[in-house]
Number of protein chains: 2
Amino acid sequence: MVQIPKTPAVASRAPRSAPTSTDVARLAGVSRATVSYVLNNTGAVRISEPTRRRVHEAARELGYVPHAAARSLRAGHSRMVLMPAPAIPAGPLYSRFFSELQKALGHLDYTVVQYGSVGLRGDEAARAWAELRPVAVLVPGADLGPQGVAVLKRSGARAVVTLGPESVEGAHALLMDHRTVGHCAGRHLYERGRRRIGVVVPEEAGLEAFAGPRLDGVRRAVRGTEATVTELPLAYDERAAAALAARWRSLRLDAVFAYNDEYAMLLMRALQDEGIGIPQETAVIGADDLMLGRLLRPRLSTVRIRLPSGPQLAELVDRAVRDPAAAPVRRRVLDATPVHREST
Amino acid sequence: MVQIPKTPAVASRAPRSAPTSTDVARLAGVSRATVSYVLNNTGAVRISEPTRRRVHEAARELGYVPHAAARSLRAGHSRMVLMPAPAIPAGPLYSRFFSELQKALGHLDYTVVQYGSVGLRGDEAARAWAELRPVAVLVPGADLGPQGVAVLKRSGARAVVTLGPESVEGAHALLMDHRTVGHCAGRHLYERGRRRIGVVVPEEAGLEAFAGPRLDGVRRAVRGTEATVTELPLAYDERAAAALAARWRSLRLDAVFAYNDEYAMLLMRALQDEGIGIPQETAVIGADDLMLGRLLRPRLSTVRIRLPSGPQLAELVDRAVRDPAAAPVRRRVLDATPVHREST
DNA sequence: TTGAAAGCGTTACCAC
DNA sequence: GTGGTAACGCTTTCAA
């Protein structure tokens with residue numbers, strides 16, 4: 001029998017485990033320290049050119065990839081920015097916003113990671129995030145309490161930023177108050193002479209966080225006037241829309257804010273099928289300014305929403321990370337403007 | 001001068017760094033090993049009830065959160081499933097698919113993480129992912145070559161699954177061949193007597209990966225017949241659509257496959273504004289079966305796309321992880337069926 | 001210019 | 001039952 005000596009590094013075509021810097025060092029005939037110096041381009045230490053080449057060569061040959069966990073364990077910190085992945089599929093507005101933010105943070109050399117927090121809620125989720133020891137955490141929505149913020153900070157997060165309706169003790173807050181959207185729509189309708197305003201409230205789960213404030217915003221917009229606001233629960237579904245349209249005239253409404261452009265299209269179609277004149281008999285306004293709305297006939301009036309730009313927000317995060325002791329930022333960032341087209 | 005001894009654990013209300021299991025052990029008056037046993041509920045070792053309580057108490061008081069990096073470094077593996085975050089905002093179909101998958105993997109006790117790979121491409125991206133030592137990697141699109149797969153596997157990934165048009169050497173492949181979608185649309189139009197078929201090709205960046213195959217699919221569907229296929233570049237923009245509609249009659253087409261329902265709506269609107277009868281003069285079909293299409297008049301025919309269910313795919317990943325030596329799976333998973341409504 | 005060694009937070013093996 | 005100790009892969013200080 002011939003014994004084949006198995007040098008770990010060259011054992012076989014399918015090595016049992018990942019090559020380490022030790023393997024690289026061995027192959028290059030240098031110490032682990034030297035490998036680290038070369039691969040990280042450490043400025044303080046000069047390594048001879050031939051050595052550098054040998055190290056690089058060896059690393060390439062072995063397919064060496066540094067171990068992020070070991071590195072950040074040693075360093076005591078990472079550059080990971082964590083955000084929970086949205087539980088419900090996000091709309092185009094939000095998706096674009098996240099994409100941009102991700103890119104901008106990437107340019108600042110952060111690694112952005114979306115964490116799929118399945119069933120976790122509240123402090124449980126915060127603990128799960130904290131296990132990864134992110135340098136910053138961005139949390140949309142209201143999934144995080146003061147306790148959660150404390151947990152994250154204690155475990156090394158230098159910045160916790162919430163994107164939501166309310167600010168949370170200890171965290172930076174980008175206030176995205178959807179009441180503004182409703183307020184904008186409500187005022188637009190009121191100014192155009194409408195007095196009996198319906199507000200669509202989606203029945204789909206996960207939308208309450210937006211729907212409630214938008215409704216509330218409309219109420220505020222007409223508070224102290226003679227105008228009335230009627231809540232209209234609606235499922236995103238043709239039958240439900242038809243049913244609502246069928247009893248529309250009995251509701252005696254002269255306008256409706258349809259939550260967003262998609263619900264607006266759904267409802268508008270149903271109202272038109274019912275022979276209700278838009279905007280003469282009922283004015284319809286949506287929100288989000290999707291391309292969709294421009295294509296409808298009549299063209300759909302809407303509320304345009306502007307979220308903070310990626311680079312702007314990225315810089316805020318970066319500043320917060322660099323100076324964790326600074327006072328928490330508290331900034332309104334949801335900008336809403338009415339876009340008047342033909343449906344109102 | 002009175003020297004205040006700073007026990008790290010109780011130093012101040014704002015500890016400089018995260019509490020470790022050492023801190024918990026010290027506070028509970030036990031060893032680190034015992035802490036580990038208690039907090040991980042290690043079955044093999046029996047710990048007295050009072051000790052357990054003391055440990056839990058201490059952990060709670062300090063707000064102790066285990067350090068994932070240290071844990072997985074020690075364990076030599078993690079349960080992280082990594083997927084690159086989509087560079088362009090994904091549509092509702094894809095978003096829903098990912099949500100479901102994430103949930104299903106979560107139930108199998110995997111941690112799903114979307115990695116924001118900004119400008120990284122190909123093997124560079126693969127290396128960045130490999131640094132995290134994920135147990136499995138799911139890659140949509142064609143961003144990964146055989147080299148990349150090799151890197152990932154060498155660094156410990158037990159399963160690499162691609163979701164895309166082609167299978168990659170060494171990886172499991174869920175083949176999502178969008179030619180099927182085009183083929184489905186093309187055949188539908190042909191069967192309904194259409195012979196001069198236009199195919200919208202979006203000009204937006206990032207869509208080529210889908211648009212090309214969909215176009216190709218239409219070509220295949222009518223290969224060997226007298227039918228012709230005309231490529232129609234189109235930006236997602238009212239003006240572009242109007243311009244295309246203006247020269248529509250000169251194109252002498254009797255049908256168009258509009259890439260998806262959104263482009264279909266855009267084009268259909270422009271054609272209608274031009275006085276072109278749908279479906280009499282030109283049949284229009286979209287894809288993705290969005291709610292949108294049902295609301296248009298005429299109701300939009302479409303191609304319904306079914307992706308694999310979350311639990312199904314999660315189980316595939318799990319199996320692959322448990323048996324990395326098994327032969328790579330290679331399965332077609334994109335199911336397309338025509339939905340005939342009024343526009344064709 | 002290079003190497004030896006310590007230590008980051010965990011867990012698992014083996015004594016006590 | 002409980003506690004010491006080694007080891008995971010990496011970086012960095014110090015010494016040669």
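Below, chains carry the letters A, B, ... as their sequence lines are ordered, and counting in each starts from 1.
The separation between A:N40 atom CG and D:dC10 atom P is 10 Å, rounded to whole Å. As rounded to whole Å, 15 Å separates atom C1' of C:dT11 from atom NE2 of B:H67. To the nearest angstrom, P of D:dA6 lies 17 Å from CG of B:L73. A straight line from CD of A:E131 to C1' of C:dG9 spans 13 Å, rounded to a whole angstrom. To the nearest angstrom, C1' of C:dG9 lies 13 Å from CG of B:L39. Taking atom CD on B:E49 and atom P on D:dG1, their separation rounds to 12 Å, with Å as the unit. For the pair B:D23 CG and C:dC8 P, the computed distance is 11 Å after rounding to whole Å. Rounded to whole Å, the distance from CZ on A:R52 to C1' on C:dT2 is 13 Å.
For the pairing with B:V30, the side-chain contact (heavy atoms from CB on, under 4.5 Å) check across B:V24, B:I47, B:V35 returns one residue only, B:V35.
Other residues, nucleotides and ligands contribute only 12 or fewer heavy atoms inside 6.0 Å of the CD atom of B:Q147.
A distance of 9.5 Å separates CD of B:Q312 from CG of B:L174, quoted to the nearest 0.5 Å.
Within the 4.0 angstrom heavy-atom criterion, no nucleotide atom of any strand lies near B:S72.
For D:dT2, neither phosphate oxygen OP1 nor OP2 lies less than 4.0 angstrom from any side-chain nitrogen or oxygen of B:T34. Between B:T22 and C:dG9, a side-chain N or O to OP1/OP2 separation shorter than 4.0 Å is absent. Here B:S31 reaches the OP1 or OP2 of D:dG3: one of its side-chain N or O atoms lies under 4.0 Å away. Here B:R71 reaches the OP1 or OP2 of C:dT11: one of its side-chain N or O atoms lies under 4.0 Å away. Distances shown here put a side-chain N or O of A:S48 below 4.0 Å from the OP1 or OP2 atom of C:dT2. In this model, the phosphate group of D:dC10 is approached by a side-chain N or O of A:Y64 to a distance below 4.0 Å at OP1 or OP2. For the OP1/OP2 pair of C:dT10 and a distance below 4.0 Å, the side-chain nitrogens and oxygens of B:S36 include no atom meeting the criterion.
Counting only heavy atoms from C-beta on, A:P66 has its side chain closest to D:dC10 among C:dG9, D:dT13, D:dC10.
At a cut-off of 3.5 angstrom, counting only N and O atoms as typed in the model, there is a donor on one side and an acceptor on the other between the side-chain of B:R74 and the base of C:dT11. For C:dT10, the base has no donor-acceptor partner in the side chain of B:Y37 [N/O atoms by modelled type, under 3.5 angstrom].
Between the side chains of A:R330 and A:S167, at least one donor-acceptor pair of N or O atoms lies under 3.5 Å.
By the 30° and 60° cut-offs, the orientation of the rings of B:Y94 relative to B:F97 is tilted.
When the nearest nucleotides of DNA chain D are assigned to B:A70 and B:G29 by heavy-atom distance, the more 5′-ward of the two goes with B:G29.
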